[in-house]
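Please read the structure below before turning to the comments.
Model, not experiment: these values are computed from the prediction.
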Amino acid sequence: MSLLPRTAEEFSSAEYWERFFKKHGEKAFEWYGDYNKLCGVLHKYIKVQDKVLVVGCGSSELSEQLYDVGYKHITNIDISETVVTHMTQRNAERRPGLAFHQVDATQTPYEDASYQAALDKATLDAVASEEEGTLARNMLTEVGRVLKVGGRYVCVTLAQESVIKLVVDHFVQLGWAVRLHCLQEETGPDEDSFALPVFVLVCTKFRQPMPMPILEMCLGEDGAPVRHTQVSELLSAVKEHQAYFVLRKRLRTGTDASSNLSLTLCHAKTGLPRYTLTIQDSLPGAKVPRPNQFAIFIVPQGSETAWLYSSTEGRRQLAASANFRRLVIVAMHRNQEYKDMEAVQSELSPMVMDLAPPGMPANHQVPFLSVGGDLGWREEVSRGVSQLSGEFIVENVKGEDGELYRRLVFMSNAALVQSESRLVSSNTVSSQKKKNKKKSKATAAPVTSSSPLSVDSGFLCCAHHEVMVAGLALLGLGLPKNKDVPVSVLLVGLGGGGLPQFLRDFVPSVTVEVVELDPDVLEVAKTWFGFQPDDRLTVTLGDGLERICALEKEGGRLFDAIMFDVDNKDSTLGMSCPPAAFVETPILQKVSSLLTPRGLFILNLACRDSALRKSVLERVNGVFPTILSQKIDEEINEVLLCSCGDKETSDSILPSLNQAAQNLQSALNSNRIEPNRRPHIDIAELLKNLKVA
C-alpha cells in the first residue's frame, strides 16, 4: 500500500491522519525531509531563543532534534489525537519542556503576537486542497495573528502551483516579505524518492505593509537571492526548478533513445539563456564500449542550426557516431561571451553531472567533445526590430568548413536561419563596391579577416534555392534557339536577397521582380547582404497575394517562372512554408494564368504534417497537371516544379533532364557579370533525383 495519500483531498482529512499515524505507530515519518536536510535553512531564520509554534507536527523528529540543539521554547500542535498522545509519551522523560497539543491550526487558543516563528512542514500542502483553499487561508490568517512583528512563517513545501500561489498571494496582500529556498538534494536513483524538489518558504511580518512586494528565490540554503517584481515571475521560477528536478529524476532512473529531452541553463545574474542542453541516449542493443558511459558535445558557435545538431535525426546520428551511452549536446547562445573551451567545461561540469545515466560510477571521467577543439566564432554586426517580424539580428559566423557566413535571424524563431550568404574578400570586387562595403561595415569587420568582406552572390547557402535555380533547366535555357530570349521571373519573398541576385547575375537575359512584404527586410538585404536592385532586378513592397491578384487583374504581363519562397510566421502550424493562403486553389489558378506557355510555378514547400502535405499536393495538382518534386537532404523542405501543359510522365521528362541541366550549367557559367565571380552550383547533381509527384 502507498504510504502517501492517493488524492490531494485526503491530505486535509483528520480521519486520514488518524489512520496514517495508527498504522505507522512508533516509526517517525519524515515528510519532505529530515532535520539534517533542513537544519541549515531553519537555523538561518529561526533563532535558538525564539518562541516557535510548530503547525501540524505529526510524528516527525524535527521538533525533537531542534530541542536537542538548544531550541527550548517549542510548542507543537496537530489535529490528530493519536499523534499528540504518542509524541507526548515519547518525550515525557527526555524532553519535558517540549509541548504537544491537539489543536486545530485554523483556531488556536494562543494570544496575538505571542510567537517569533511558526514552522510548518507540509501542513500547508495537506490543507490547501480543502474547501477550495479556505481551510489553508484560515490557517495562514491564524499564523499571521500569533506571530510578532518581525516574526517568520517558515514552511517546508513541494510548492505545487495552486498551493504556492495561494500562500504567496496571501502574504503579499498583507505586505509581508516572501522568500523561497529551493533545496538541492544529492540522491541516487531511488525510485521511492520525490521527483519534485523541496522548497522552504519564509514569509516575514512587517509592522507596516511594504509598498512594493519583496519576492525572492534562492537556490540551496545559502544561494544568493534573486529578486522578482511580480508573483507570476516567482511562480514561473518555481515551475522551472520543478521541471528540472523531474527531468533529472527521469534521467537518473533510465535511458530512452526515442526521447528528445532538453533544458536551458541561464546566466545566474542576468537570467538570459546561456546554454541549451539536449540529451541523446544510445539505441537499445547498441554495442557501446564499457568506458563510454557519458560525454558532453560542445556545438561550435554558429553551427547550432545545422541539421546534425538541430534535428532529432541529426542528433541521433551524432550520438551513434560518438558511441556513448548518453551524449549531452550543448549549444551556446547569442549575446553571451565564452572565453575558451576550458572555461566552458569548468562552467558546465557541476551541472551536467546531474544528467549522467543511471549506474555511472561516481569517479567516472566525463570527456568533452567538439569539432576541431574550439568553440567556433560568431559576431553580431547588426540588431534591429521589424514592425512585421519583430526583433532580428545580423551575424557573421565561421562555418565548420572554415568559411565565413552572414546570417539573418529573427529572434521569434532563433533556431531558424532566415537568410544566409557566404562572405569573401572584397579584393575580388570592384573598387566602387569595396568603397561602399567598407562604409557600411566600418564598425563590424570580423576579427578573423584582415580585409573587408562582401557577399559572394554566386554561392547559394540554401539547398532549396539551388534546386529552384536548377528547375529553370525545364525552360530550355542554354539552347541555341533560346539565346537572347528574355526570361521573366516573379519571386515572392526576398530574405537576404541571395536567390534574386544569383538569378540576375548569372541567368542570361533575365529580369526579376521580387515582392517583399517587410520594408525592414529590404533594408537589411541592401545594407548587410549586398543586395543591389537595378533595371533587371526590381522590388515591389507589399503583400505577395495582393500582387498576384493585381497582376492578373491588370493583364498584359506574363512570367516564365513564378517562385514562392515565403515563410509562415505562425510556427504552430504543420506547414512552415508557405502560408496556407498561398496554396489555396483560387491563388494557384491566378498563378497559372500569369505564366507563359512554357512557364513554371516553383514552390518551396516545408510541411511536417503528412495529411496537410497531401492536401496541398492535391490542390496544386488540380491546377498544374505535371509536378516534379525534389526533396532536400536533411531538411523538411521540398521544391515543386509545376507546369500547366498536358500531364507528362517520368518516361517523357526525366531522360532529357541531364542534357537540359548541362545546357543551363553552360548558360550560367558563360553569363558572369564579373570575371572573378562564378556560380557555385551543379545543376545536373541537383536534378538527378527529381521525381514526378
Side-chain angles (χ1 to χ4, degrees), residues 299-306 310 332-335 375-386 389 391-411 413-430 433-466 493-505 514 516 518 520-533 537 539 565 567 674 676-681:
V299 177
Q301 293 183 88
S303 296
E304 61 278 343
T305 59
S310 64
M332 294 170 281
H333 280 251
R334 298 177 176 88
N335 303 322
L375 298 178
W377 178 81
R378 179 189 356 240
E379 174 191 51
E380 181 180 310
V381 296
S382 180
R383 179 179 288 266
V385 178
S386 160
S389 304
E391 186 180 7
F392 65 83
I393 63 169
V394 179
E395 61 186 13
N396 293 342
V397 301
K398 185 178 181 181
E400 292 184 13
D401 58 1
E403 300 285 350
L404 294 181
Y405 295 88
R406 179 161 295 161
R407 292 174 174 173
L408 169 63
V409 178
F410 287 105
M411 302 313 292
N413 191 359
L416 176 69
V417 175
Q418 184 74 19
S419 297
E420 184 174 25
S421 295
R422 190 169 73 176
L423 299 174
V424 294
S425 170
S426 292
N427 293 334
T428 61
V429 299
S430 66
K433 283 191 174 183
K434 182 186 294 186
K435 180 180 178 181
N436 291 341
K437 183 60 65 176
K438 281 184 178 179
K439 182 178 179 181
S440 66
K441 295 191 69 211
T443 61
V447 294
T448 56
S449 176
S450 59
S451 61
L453 302 173
S454 65
V455 168
D456 182 356
S457 66
F459 189 90
L460 293 169
C461 292
C462 298
H464 68 272
H465 283 172
E466 292 185 302
L494 173 65
L499 175 57
Q501 288 216 121
F502 184 98
L503 295 172
R504 188 267 314 276
D505 290 351
V514 184
E516 173 54 49
D518 193 338
D520 294 305
V521 168
L522 175 58
E523 287 306 308
V524 167
K526 289 179 178 179
T527 304
W528 297 106
F529 289 85
F531 182 68
Q532 297 179 338
L537 174 54
V539 178
D565 184 33
D567 66 327
E674 299 170 4
N676 293 327
R677 291 283 174 92
R678 64 182 182 86
H680 303 273
I681 191 168

* Which residues pass the ring pair (Phe, Tyr, Trp, His ring centres under 6.0 Å) test with Phe531, sequence neighbours left out? -> none
* Who pairs with Phe459 by ring pair (Phe, Tyr, Trp, His ring centres under 6.0 Å), at least two apart in sequence or on another chain? -> His680
Within the structure provided, determine whether [X] and [Y] are in side-chain contact (heavy-atom separation under 4.5 Å).
X: Val455; Y: Leu423; answer: yes
X: Val397; Y: Gln301; answer: no
X: Leu408; Y: Trp528; answer: no
X: Asp518; Y: Glu516; answer: yes
X: Asp456; Y: Ser421; answer: no
X: Val521; Y: Gln418; answer: no
X: Arg504; Y: Pro533; answer: no

* Structure fact -> Across all chains, not counting sequence neighbours, the salt bridge (Lys or Arg N to Asp or Glu O under 4.0 Å) partners of Glu523 are none
* Asked: Can you name the residues that form a salt bridge (Lys or Arg N to Asp or Glu O under 4.0 Å) with Glu395, not counting sequence neighbours?
  -> Arg334, Arg378
Shortest non-hydrogen contact from [X] toward [Y]:
X: Ala525; Y: Leu494; result: CB-CD2, 4.0 Å
X: Ser454; Y: Ser425; result: OG-O, 4.3 Å
X: Pro679; Y: Phe502; result: CB-CZ, 3.7 Å
X: Glu466; Y: Ile681; result: O-CD1, 3.8 Å
X: Asp520; Y: Ser386; result: OD2-CA, 3.3 Å
X: Ser389; Y: Phe410; result: CB-CE2, 3.4 Å

* To do: Just jot down the side chain to side chain contact (heavy atoms under 4.5 Å, CB included) partners of Ser303, sequence neighbours excluded, or say none.
  => Val299, Pro300, Tyr309, Glu400
* **side chain to side chain contact (heavy atoms under 4.5 Å, CB included) against Glu403, all qualifying residues, sequence neighbours excluded** => Asp401, Tyr405, Arg422
Interatomic distance, [X] atom [atom1] to [Y] atom [atom2] [nearest 0.5 angstrom]:
X: Met411; Y: Asn335; atom1: CE; atom2: CG; result: 6.5 Å
X: Arg406; Y: Glu379; atom1: CZ; atom2: CD; result: 8.5 Å
X: Asp567; Y: Asn413; atom1: CG; atom2: CG; result: 9.0 Å
X: Ser419; Y: His465; atom1: OG; atom2: NE2; result: 7.0 Å

* Test log, rule side chain to side chain contact (heavy atoms under 4.5 Å, CB included), inputs Val381 and Asn396 -> CA-CA 7 Å; Val381 296; Asn396 293 342; 3.5 Å; yes
* Asked: Counting only N and O atoms by type, is there a donor-acceptor contact under 3.5 Å from the side chain of Glu304 to the main-chain atoms of Gly302?
  -> yes
* Asked: Does Cys461 offer a backbone N or O that forms a donor-acceptor pair with the side chain of Glu420 under 3.5 Å?
  -> no
